[in-house]
J.: 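To start, I am sharing the structure in question, which I have written as structure tokens.
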Protein chains: 2
Amino acid sequence: MNIGSALPALAALSHPTRLEAFRLLVRHEPEGLSTGELVDASGLTQSTFSTHLAVLAKAGLVKSEKQGRQQIQRADIDTLRDLMLFLAKDCCQGHPELCEPLLAELTCC
Amino acid sequence: MNIGSALPALAALSHPTRLEAFRLLVRHEPEGLSTGELVDASGLTQSTFSTHLAVLAKAGLVKSEKQGRQQIQRADIDTLRDLMLFLAKDCCQGHPELCEPLLAELTCC
DNA sequence: TTCATGTATCGGAATTATCCGATGCATCTG
DNA sequence: CAGATGCATCGGATAATTCCGATACATGAA
């Protein structure tokens, strides 16, 4: 991931509706959720939420797959990982000691 | 970190000027850089950049300290770590196996 | 085929972000 | 003290985001 792909991902996650939707999808990996279920959870109009979903998809954070009439949405954990690596990269390379507490916490699981 | 503090952090980092400034500060830890040096690096007007810096500060990603006439800016690695933990939390808790490749990459340093 | 369902996209209104120049304020220098 | 420097904030113009209802389109059911 470079700055050109990190920016859309960060922008996609910087909206409450989209961040909640993405986190909901992460919690529902690997089965995913239909667009309709996400719309219901958001409380927004179907058209409004569809636009938000398109932002997440364009950023590569969500992949979708047609299943009958429904569109199944799934979080792309690889993109999330790449984004986190991008954010951590600079301090890891320049000052590894700064990242130790970061990694210590991340290895919680 | 909760969603209320993650959102401003993500929004702060979702702008090219602010993301670059933050990464520059990370690379200059722990000495920091003066606001003027950051302004020069950004290529923007001093007033415009000052507004961007205020967004990063309000999100807790940058701390500043007065040093004579200058204001020394420093990246807050703890906030960055908290943000990354927040993003990773859901998949770590629900599906630890999803986080293993993520952590494997992060332990590069 | 005809109708209902699930989703994407269009058009437009309201809100918010971004940018700049001008100004204010504190600190250092002479 | 008087001027210069470094930075924050204000006012306002332009651009982007956000939201909704209406509409279009594909799929499945009757």
Side-chain angles (χ1 to χ4, degrees), chain A residues 3-25 28 31-76, chain B residues 3-25 28 31-76:
Chain A
I3 203 162
S5 51
L7 275 170
L10 290 164
L13 295 176
S14 70
H15 188 282
T17 296
R18 294 192 294 259
L19 181 56
E20 284 290 17
F22 179 71
R23 300 213 305 151
L24 192 59
L25 286 177
H28 281 80
E31 315 86 34
L33 289 173
S34 71
T35 306
E37 291 173 307
L38 290 168
V39 168
D40 292 343
S42 76
L44 292 176
T45 298
Q46 176 269 324
S47 75
T48 298
F49 187 83
S50 182
T51 307
H52 283 304
L53 203 51
V55 174
L56 285 167
K58 197 164 187 178
L61 288 163
V62 166
K63 306 288 188 203
S64 77
E65 179 191 354
K66 210 163 200 169
Q67 202 168 95
R69 244 182 314 201
Q70 302 187 114
Q71 202 78 20
I72 303 299
Q73 310 288 339
R74 293 190 50 212
D76 189 324
Chain B
I3 203 162
S5 51
L7 274 171
L10 289 165
L13 294 176
S14 70
H15 188 282
T17 296
R18 294 191 295 259
L19 181 56
E20 284 289 18
F22 179 72
R23 300 212 306 150
L24 193 58
L25 286 177
H28 281 80
E31 317 86 33
L33 289 173
S34 71
T35 305
E37 291 173 307
L38 290 168
V39 169
D40 292 344
S42 75
L44 292 176
T45 297
Q46 176 268 322
S47 75
T48 298
F49 187 82
S50 182
T51 307
H52 283 304
L53 203 49
V55 174
L56 285 167
K58 196 163 189 179
L61 288 163
V62 166
K63 307 287 187 202
S64 76
E65 178 192 354
K66 210 162 198 171
Q67 202 168 94
R69 243 183 313 201
Q70 302 187 116
Q71 201 79 20
I72 302 300
Q73 310 289 337
R74 294 191 50 212
D76 190 324

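We name chains A, B, ... by the order of the sequence lines, and we start the count at 1 in each one.
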J.: Report yes if the side chains of B:Ile3 and A:Pro16 come closer than 4.5 Å at any heavy-atom pair, otherwise no.
T.: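 Side-chain contact under 4.5 Å: no.
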J.: Do B:Arg23 and B:Leu19 pass the side-chain contact (heavy atoms from CB on, under 4.5 Å) test, and can you show the C-alpha distance, the side-chain angles, and the key distance before you say yes or no?
T.: CA-CA 6 Å; B:Arg23 300 212 306 150; B:Leu19 181 56; 4.1 Å; yes
J.: Looking at CZ of A:Arg18 and CG of A:Leu53, how far apart are the two atoms once the value is rounded to the nearest 0.5 Å?
T.: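 Taking CZ in A:Arg18 and CG in A:Leu53, the distance rounds to 10.5 Å.
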J.: Please step through side-chain contact (heavy atoms from CB on, under 4.5 Å) for the pair A:Leu56 and A:Leu13, ending with a clear verdict.
T.: CA-CA 8 Å; A:Leu56 285 167; A:Leu13 295 176; 4.2 Å; yes
J.: Assess whether side-chain hydrogen bond (donor to acceptor under 3.5 Å, both in side chains) is satisfied between B:Gln73 and B:Thr35, documenting all intermediate values.
T.: CA-CA 7 Å; B:Gln73 310 289 337; B:Thr35 305; 2.9 Å; yes
J.: Report all interatomic pairs (protein N or O, nucleotide N or O of nucleotides 4-10 of chain D) with separations under 3.5 Å.
T.:
{"residue": "D:dT5", "atom": "O4'", "partner": "B:Arg69", "partner atom": "NH1", "Å": "3.2"}
{"residue": "D:dT5", "atom": "O2", "partner": "B:Arg69", "partner atom": "NH1", "Å": "3.4"}
{"residue": "D:dC7", "atom": "OP1", "partner": "B:Thr35", "partner atom": "N", "Å": "3.2"}
{"residue": "D:dC7", "atom": "OP1", "partner": "B:Gly36", "partner atom": "N", "Å": "3.4"}
{"residue": "D:dC7", "atom": "OP1", "partner": "B:Gln71", "partner atom": "N", "Å": "3.3"}
{"residue": "D:dC7", "atom": "OP2", "partner": "B:Gly36", "partner atom": "N", "Å": "2.7"}
{"residue": "D:dA8", "atom": "OP2", "partner": "B:Ser50", "partner atom": "OG", "Å": "2.9"}
{"residue": "D:dA8", "atom": "N7", "partner": "B:Gln46", "partner atom": "NE2", "Å": "2.7"}
{"residue": "D:dA8", "atom": "N6", "partner": "B:Gln46", "partner atom": "OE1", "Å": "3.0"}

J.: Does a side-chain N or O from B:His15 land closer than 4.0 Å to OP1 or OP2 of C:dC19, or not?
T.: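 Yes, within the criterion.
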J.: Excluding sequence neighbours, so at least two apart, what forms salt bridge (charged side-chain N to carboxylate O under 4.0 Å, His left out) with A:Lys63?
T.: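 For A:Lys63 the salt bridge (charged side-chain N to carboxylate O under 4.0 Å, His left out) partners, ignoring immediate neighbours, are A:Asp76.
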J.: Roughly how many Å is it from CD in B:Gln67 to P in C:dC28, rounded to a whole number?
T.: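 Nearest whole value for this atom pair: 11 Å.
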J.: Is there a side-chain contact between A:His52 and the phosphate of D:dT17, meaning an N or O under 4.0 Å from OP1 or OP2?
T.: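 For D:dT17, neither OP1 nor OP2 has a side-chain N or O of A:His52 closer than 4.0 Å.
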J.: Distance check, rounded to the nearest 0.5 Å: B:Gln71 atom CD versus B:Ser34 atom OG?
T.: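 Nearest 0.5 Å value for the CD-OG distance: 10.0 Å.
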J.: Does A:Gln67 have more than 12 heavy atoms from other residues, nucleotides or ligands lying within 6.0 Å of its CD?
T.: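 Atom CD in A:Gln67 is not packed in, count stays at 12 or less.
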J.: How long is the line joining CZ of A:Phe49 and C1' of C:dG6, in whole Å?
T.: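 Checked: the CZ to C1' distance equals 14 Å.
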J.: Figure out the CG/P separation between A:Leu10 and D:dT17, and round it to whole Å.
T.: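 A:Leu10 atom CG is separated from D:dT17 atom P by 15 Å.
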J.: Among C:dT27, D:dT18, C:dC20, which nucleotide has an atom closest to any side-chain atom of B:Lys66?
T.: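 My answer, after comparing the listed nucleotides, is C:dT27.
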J.: Return whichever of A:Gly68 or A:Leu44 has its heavy-atom-nearest nucleotide of DNA chain D closer to the 5' end.
T.: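 Upstream on the strand: A:Leu44.
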J.: Distance check: side-chain N/O of A:Thr17 vs OP1/OP2 of D:dT18, anything under 4.0 Å?
T.: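 For D:dT18, neither OP1 nor OP2 has a side-chain N or O of A:Thr17 closer than 4.0 Å.
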J.: Counting a pair only when it is Watson-Crick or G-U and both distances are under 3.5 Å, which runs of at least 3 such pairs involve DNA chain C?
T.: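 For DNA chain C the paired stretches long enough to count as stems (3 pairs minimum) are C:1-30 with D:1-30.
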J.: Going through the distances and angles, do A:His52 and A:Leu38 end up as a side-chain contact (heavy atoms from CB on, under 4.5 Å)?
T.: CA-CA 11 Å; A:His52 283 304; A:Leu38 290 168; over 6 Å; no
J.: What's the CD-P distance between B:Glu65 and C:dT27, to the nearest Å?
T.: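 Taking CD of B:Glu65 and P of C:dT27, I get 15 Å after rounding.
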J.: Between atom CG in B:Leu56 and atom P in C:dA17, what is the gap in whole Å?
T.: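 Spelled out: CG on B:Leu56 to P on C:dA17 is 14 Å.
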